[in-house]
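Every number for a ligand or one of its atoms is a count from 1 in the order of the listing. Note that the coordinates shown come from a computational prediction; the quantities given were computed from them, not determined experimentally. This chain uses plain numbering: 1 for the first residue, then up along the sequence.
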Amino acid sequence: MAGKRVVFLGPPGAGKGTQAKRVVERLGLLHLSTGDLLRDEVARKTALGERAKGYMDRGELVPDALIIDMIRGRFAQAKSGFLLDGFPRTVAQAEALEQITPLDAVVSIDLSREEVVRRLTSRRVCRVCGAIYNLTFNLTSGDTKCAACGGELYQRDDDRPAVIEKRYDVYEKSTAPLIAFYRKRGLLRSVNGELGSDRVFAEIMQILGA
Ligand code: ADP
Ligand code: ADP
Ligand code: ZN
């Protein structure tokens, strides 16, 4: 049987990346994070990376056509299912996705603006393996290395207060309409992202029937 085809929706900082890593490991899905793919393009200074960087630094969305071109070819390697993390983010992207593949579930992880700001100002990420940390709960002060691989921890350029506020505004305007879009299609399930990470994970596994 083919694996599950899942989308994670939710504002920046809701915990999509954190949960995605656990879910794909448990269910053997392909993890497709457009944010991670874009940051890789930027780091490698590709033509796409050079075009995307300004939008990302300002907290704006990268234009739909660039994102859709970047992601389209990836589904070929997703025969045992996939988890989309950070895509689609606009109705135009969701309509393009419908032309590429059907979905089994859309999980919306919800979080208030206040909590988003709190979490993202204290997020740290491993430059080597991408592990996600937070100063307030899984790093002790002075930790500068990744517990998993020893890599250097860094703060993302766009995890600064002004850019975080902008990203939340963009989420509300451009991405939140996807909640109604997927509810209409009978695919939407919501999880309270304020719960502890283990609780959120358990609820997602229940939704996915796994
Ligand atoms: P977060 O996990 O904090 O929500 P992401 O890593 O998903 O952030 O995205 C970082 C930035 O990359 C976004 O602010 C945006 O500029 C760009 N980006 C990522 N995914 C998309 C997408 N599907 N459409 C347009 N822009 C995107
Ligand atoms: P997203 O991919 O949606 O932007 P992340 O998974 O990167 O979100 O999480 C954002 C920040 O919040 C990280 O610093 C992460 O360690 C922290 N975090 C994730 N899940 C939880 C949770 N359930 N409770 C508290 N903090 C969390
Ligand atoms: Zn690491």
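Here the heavy atom of the protein found nearest to atom 20 (N) of ligand 1 is Thr34 OG1, 2.8 Å. Closest protein heavy atom to atom 2 (O) of ligand 2: Gly17 N, 2.8 Å. Arg119 NH2, 3.2 Å is the protein heavy atom nearest to atom 24 (N) of ligand 2. For atom 6 (O) of ligand 1, the closest non-hydrogen atom on the protein side is Arg39 NH1, 2.8 Å. Nearest protein heavy-atom neighbour of atom 15 (C) of ligand 2: Ile132 CG2, 3.7 Å. Of the protein's non-hydrogen atoms, Val62 N, 3.1 Å is the one closest to atom 26 (N) of ligand 1. The nearest heavy-atom contact from the protein to atom 4 (O) of ligand 2 is Gly13 N, 2.7 Å. Closest protein heavy atom to atom 8 (O) of ligand 2: Gly15 N, 3.1 Å. Protein heavy atom closest to atom 11 (C) of ligand 2, with residue, atom name and distance, is Asn134 ND2, 3.9 Å. Among protein heavy atoms, atom 10 (C) of ligand 1 sits closest to Arg156 NH2, 3.5 Å.
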**Asked** Passes side-chain hydrogen bond (donor to acceptor under 3.5 Å, both in side chains), Asp110 versus Ser108? Steps please.
**Response** CA-CA 6 Å; Asp110 304 325; Ser108 175; 2.8 Å; yes
**Asked** Under the side-chain contact (heavy atoms from CB on, under 4.5 Å) criterion, do Tyr133 and Cys146 qualify, and how do the steps go?
**Response** CA-CA 9 Å; Tyr133 295 92; Cys146 173; 3.1 Å; yes
**Message:** Run the side-chain contact (heavy atoms from CB on, under 4.5 Å) test on Arg124 and Leu135 for me, step by step, so that the C-alpha distance in whole Å, both residues' side-chain angles and the decisive distance to 0.1 Å come before the verdict.
**Reply:** CA-CA 7 Å; Arg124 296 293 183 272; Leu135 295 178; 3.4 Å; yes
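Geometrically, ligand 2 and Ser197 share a nitrogen or oxygen pair separated by less than 3.5 Å. Any N or O atom pair closer than 3.5 Å counts here, and Gly59 shares no such pair with ligand 1. Among the atoms of Val200, none of the N or O lies under 3.5 angstrom from an N or O of ligand 2. The distance criterion of under 3.5 Å between nitrogen or oxygen atoms is not met by Gln19 with respect to ligand 2. For ligand 2, the polar-atom distance check against Pro12 finds no nitrogen or oxygen pair separated by under 3.5 Å.
Here atom 23 (N) of ligand 2 lies nearest to Leu195 when heavy atoms of Leu195, Thr18, Asp36 are compared. Proximity annotation for atom 16 (O) of ligand 2: of Phe201, Phe8, Tyr133, Tyr133 comes nearest, heavy atoms only. Nearest to atom 5 (P) of ligand 1 by heavy-atom distance, out of Arg167, Met56, Lys16, Arg89, is Arg89.
A salt bridge does not link Glu25 to Arg22: none of the charged side-chain nitrogens sits closer than 4.0 Å to a carboxylate oxygen. A salt bridge does not link Asp85 with Lys21: every distance from a Lys NZ or Arg NE/NH1/NH2 to an Asp or Glu carboxylate oxygen is 4.0 Å or more. For Arg167 and Asp159, the salt-bridge test passes: some basic side-chain N is under 4.0 Å from an acidic carboxylate O.
Interface atoms of ligand 1 facing Arg123, defined by a heavy-atom separation under 4.0 Å, are 3 (O). The Leu38 neighbourhood of ligand 1 comprises atoms 12 (O), 17 (C), 18 (N), 19 (C), 27 (C), with distances under 4.0 Å to a heavy atom of that residue. The ligand atoms of ligand 1 that sit less than 4.0 angstrom from a heavy atom of Gln93 are 22 (C), 23 (N), 24 (N), 25 (C). For ligand 2 and Gly196, the ligand atoms under 4.0 Å from any heavy atom of the residue are 23 (N). Proximity to Glu60 (heavy-atom distance under 4.0 Å) selects the following atoms of ligand 1: 15 (C), 16 (O).
Between Val7 and Phe87 there is no side-chain heavy-atom pair separated by less than 4.5 Å. Looking at Lys53 and Glu41, their side chains never come closer than 4.5 Å, going by heavy atoms from C-beta outward.
More than 12 heavy atoms of other residues, nucleotides or ligands shown are found within 6.0 angstrom of CD on Gln77. Residue Arg58 qualifies as enclosed at atom CZ: its count of foreign heavy atoms under 6.0 Å is above 12.
Rounded to the nearest 0.5 Å, atoms OG (Ser190) and CD1 (Ile109) are 10.0 Å apart. Annotation: the span from Leu139 atom CG to Leu153 atom CG amounts to 6.0 Å, rounded to 0.5 Å. Atom CG of Asp104 sits about 9.0 Å away from atom CG of Leu208, to the nearest 0.5 Å.
Proximity of Ala14 to ligand 2 is established by a heavy-atom distance of less than 4.0 Å. Using a non-hydrogen distance threshold of 4.0 Å, Arg58 does not register as a contact of ligand 1. At least one heavy atom of Phe137 sits less than 4.0 Å from an atom of ligand 2.
With a 6.0 Å cutoff to the six-membered ring centre and a 45° limit on the axis angle, Arg5 does not count as a cation-pi contact of Phe82.
Heavy atoms from both the backbone and the side chain of Leu61 come within less than 4.0 Å of ligand 1.
Here the options are Val163, Leu120, Val170, the test is side-chain contact (heavy atoms from CB on, under 4.5 Å), and the partner is Pro12; only Leu120 passes. The side-chain contact (heavy atoms from CB on, under 4.5 Å) with Phe8 is formed by just one residue from the set Val106, Leu84, Ile204; it is Ile204.
The Zn ion (ligand 3) lies at the vertex of an angle of 110° between the SG atom of Cys126 and the SG atom of Cys146 (rounded to 10°).
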